[in-house]
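Chain A is the first sequence line, chain B the second, and so forth, proteins listed ahead of strands; every chain is numbered from 1.
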4 protein chains.
Amino acid sequence: MPKIVDHVQYRKELLHKSFDLFAEKGYSVTMRQIAQGLGVSTGTLYHYFPSKESLFEQLVVELYEQDILQFGSEIKQANTLSERIEAGFQLLEKHQDYFFKQMMVWIDFSQHQDREGKEYSDVLKQVEEKVYTAMADLLGIADRDLLLFVSSLVDGLIIGQMYGEAPSIARQGKLLAKMLTAYLEKEQRTLN
Amino acid sequence: MPKIVDHVQYRKELLHKSFDLFAEKGYSVTMRQIAQGLGVSTGTLYHYFPSKESLFEQLVVELYEQDILQFGSEIKQANTLSERIEAGFQLLEKHQDYFFKQMMVWIDFSQHQDREGKEYSDVLKQVEEKVYTAMADLLGIADRDLLLFVSSLVDGLIIGQMYGEAPSIARQGKLLAKMLTAYLEKEQRTLN
Amino acid sequence: MPKIVDHVQYRKELLHKSFDLFAEKGYSVTMRQIAQGLGVSTGTLYHYFPSKESLFEQLVVELYEQDILQFGSEIKQANTLSERIEAGFQLLEKHQDYFFKQMMVWIDFSQHQDREGKEYSDVLKQVEEKVYTAMADLLGIADRDLLLFVSSLVDGLIIGQMYGEAPSIARQGKLLAKMLTAYLEKEQRTLN
Amino acid sequence: MPKIVDHVQYRKELLHKSFDLFAEKGYSVTMRQIAQGLGVSTGTLYHYFPSKESLFEQLVVELYEQDILQFGSEIKQANTLSERIEAGFQLLEKHQDYFFKQMMVWIDFSQHQDREGKEYSDVLKQVEEKVYTAMADLLGIADRDLLLFVSSLVDGLIIGQMYGEAPSIARQGKLLAKMLTAYLEKEQRTLN
DNA sequence: AATGAATGAGAATTCATTCAT
DNA sequence: GATGAATGAATTCTCATTCAT
């Protein structure tokens, strides 16, 4: 009788465990280091993932799907746009380390794909689309430009941690909320 | 007398030529590839740069110093804050490929340093400070939060190119200009 | 189950096989040459030894431990000090090539460590202490100065092979035996 | 008019200056390091010495010729064999660092030659012969074996510095003097 | 005479992947 | 299913020597 193992389940477990390793070392962690970190042999790693690339890709997908869920449950409690934005940015600040790592992993992956001459991964495109849709939905912003504005600001703030001092993300959220309010009010007046 | 070569000048030349290589392959270009790309031997490369790290660092410095000058000459012609922001974002859009590459190079370097356990490079800190000061100066924005807001948005938009479709940076500039105007007007009213 | 290999055993085997290579070329044999000489790949070599330095160090330890055993079994048969010294020097002469190589390996290693700014290796210190203790024990000499005298002479004779003509080590042993005898007799008389 | 330079003289000067560099790093100092240390260019170095090997060889010759002179002037003042030996060993101890370096340089060179498959250098043989003759002359020892005995002991004591603690060379000299005296007296008695 | 830029072969070491067990 | 030994090409960096100036 073979060991009873839920292949799919075990794969996910390995994936989650490997996040920190990738976050810490980027795409350049060696398969040996990952194997060691997971407490399995390299052989086993290759048994579950056909290649390092595949492992990395699956990891990215996992991460973002999980995030969308987290943000959803956190933001939905707020009612006005301002409140939602502030709530979102607070969450962002709370886990800024994590989001930073995650973004770096994403960038690492994109760059790596790019360098291999590979097309921008379909899998990534889907993840990205989901994130975008979720944002629109959660913040209740339909305007594409506005959405891009907010998400760019978020990306920029996350990236900002790279430069020495960590910026106050929550304060930036409040600033954004005020600006948006002022902007939308003015637009409203103009239309009338 | 030795072969006549302006060491400093030639070094800069090599630096500029190597940008595309780093942009394309990231920090993982090999010294051999760089040497080949520059049409010199690896030995020569090491004659001018003590290590790959040093070469990379010097490259980053060069790039940003050059950029600050470019932005300076472009923006100073505009008068109002709105015009300046729009001018800046137009320049950003015009060379978005270049800025994207540049940011990726910066990120690559930071991550690499980080993984080596090295402190965030002093040289980089200086460059960063210069960029920040230049921004404050050119846009005439003194408020630290507002400055961070703008620069984060810019970073986010640049990074945004990573996701498939290139966003319209210029349009985002206009949006920012409007939002800022609305925000500042409202703040003004509030104070009175 | 993995390939069945006794890691420890195989490591020792590789070690012994590599002696001639180090003896012949000194610390400057390349890892490639060693790998080739051992009939394994460089990768495998690094699988067993984390670095060239480590390989070298382990080799030195192996060598001297082996030697102490050899000398022990050879000398213990003799009874008087004179006989023991002569027996020891005969063994020395018999394998003078080997001992020369070995000393060169030791010197090479020490110098190499020194140049790297490393402390005189603890491992080496231990080996050295063992050798010294073994000598004192085998020859039955307790006086530290006398022991140093004999061991220095031995070192000098071994080194002497470097200069063209190989000296007659056995004859020097006899000379030492005579001198020691004369010296000890005289000391004895003086004390009375 | 060319610079007036005594080629031979300048060569010697360079040679002496380069000793410390070789002593510190062994044969593996790079020609660049030497050039830098001497305050000349690599080109100039090659102008005076056809190769690294030649430079090294000439250095060894210089060193030993100088030493012979030093020992000569120091020892000649003593009259009896015992006194001469003690004087010699005192000098040895006084400059033990220097003699250690010097021996290491010699060994390095010999090994290097050996590995290149080159014959034991004629130049070295001559130096060696000179040293030997000088020793015989200074100590007034004609017996070849006895001479070898003393010189081996010296070599061994010098090498001994490699092992951690520096031995008391002077004390060993006294011991040697006593042993020699006892031995020679006994021989004398035997002959009568 | 003197310079130092240029070379390129070769060094130690790493790493994704395979495969016999 | 699981293991980890084995691979070898590729990486960064070094260095004696040459040669145009």
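- By the salt bridge (charged side-chain N to carboxylate O under 4.0 Å, His left out) test, D:Glu62 pairs with D:Lys12, sequence neighbours left out.
- Between the CD atom of C:Gln9 and the P atom of F:dA5 there is a distance of 15 Å, given to the nearest Å.
- Not a single side-chain hydrogen bond (donor to acceptor under 3.5 Å, both in side chains) links D:Gln36 to another residue, sequence neighbours left out.
- In this structure, the OH atom of C:Tyr10 is 14 Å from the C1' atom of F:dG4, given to the nearest Å.
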Result block: side-chain N/O donor-acceptor pairs under 3.5 angstrom for residues 101-108 of chain C, not counting sequence neighbours:
residue, atom, partner, partner atom, Å
C:Gln102, OE1, C:Tyr98, OH, 3.0
C:Gln102, NE2, C:Asp67, OD2, 2.8
C:Trp106, NE1, C:Ser110, OG, 3.4
C:Asp108, OD2, C:Tyr27, N, 2.5

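- Here salt bridge (Lys or Arg N to Asp or Glu O under 4.0 Å) pairs that include residues 38-60 of chain B, with residues two or more places apart or in two chains, are B:Glu53-B:Lys118.
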Name the pairs: protein N/O against N/O of nucleotides 8-10 of chain F, kept only if under 3.5 Å.
residue, atom, partner, partner atom, Å
F:dA9, N6, C:Thr42, OG1, 3.4

Throw together a table of side-chain donor-acceptor distances under 3.5 angstrom for residues 19-26 of chain D, partners on residues two or more places apart or in other chains.
none

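- With rounding to whole Å, B:Leu38 atom CG is found 14 Å from E:dA6 atom C1'.
- Residue B:Lys52 contributes atom NZ, which lies 9 Å from atom P of F:dT11 at whole-angstrom precision.
- Under 4.0 angstrom from either OP1 or OP2 of E:dA2 there lies at least one side-chain N or O belonging to D:Tyr48.
- For DNA chain F, each stem of at least three Watson-Crick or G-U pairs (distances under 3.5 Å) is given as range with range: E:2-21 with F:2-21.
- Heavy-atom nearest nucleotides on DNA chain F were determined for C:Val40 and for B:Glu53, and the one closer to the 5' end corresponds to C:Val40.
- Mapping C:Gln33 and A:Pro50 onto DNA chain E by nearest heavy atom places C:Gln33 at the nucleotide closer to the 5' end.
- Side-chain N/O atoms of D:Tyr46 include one lying less than 4.0 angstrom from OP1 or OP2 on F:dT17.
- In summary, the aromatic rings of C:Tyr48 and C:His7 are positioned with their centroids under 6.0 Å apart.
- When each of B:Ser28 and C:Gly39 is assigned the nucleotide of DNA chain F with its nearest heavy atom, C:Gly39 is the one assigned upstream, toward the 5' end.
- In terms of the side chain to side chain contact (heavy atoms under 4.5 Å, CB included) criterion, residue partners of A:Tyr46 (sequence neighbours excluded) are, by chain and number, A:Met31.
- In this structure, the NE2 atom of C:His7 is 14 Å from the C1' atom of F:dT3, given to the nearest Å.
- The structure places CG of D:Leu63 at 7.0 Å from NE2 of D:His16, a figure rounded to the nearest 0.5 Å.
- Straight-line distance from the CG atom of B:Leu14 to the C1' atom of E:dA5: 12 Å, rounded to whole Å.
- The interatomic distance linking B:Gln36 (CD) with E:dA6 (C1') rounds to 16 Å, in whole Å.
- Atom CG of B:Leu45 is separated from atom P of F:dT14 by 12 Å (rounded to the nearest Å).
- Under the salt bridge (charged side-chain N to carboxylate O under 4.0 Å, His left out) criterion, A:Lys125 pairs with no residue, sequence neighbours left out.
- OP1 or OP2 of F:dA5 sits under 4.0 Å from a side-chain N or O of C:His47.
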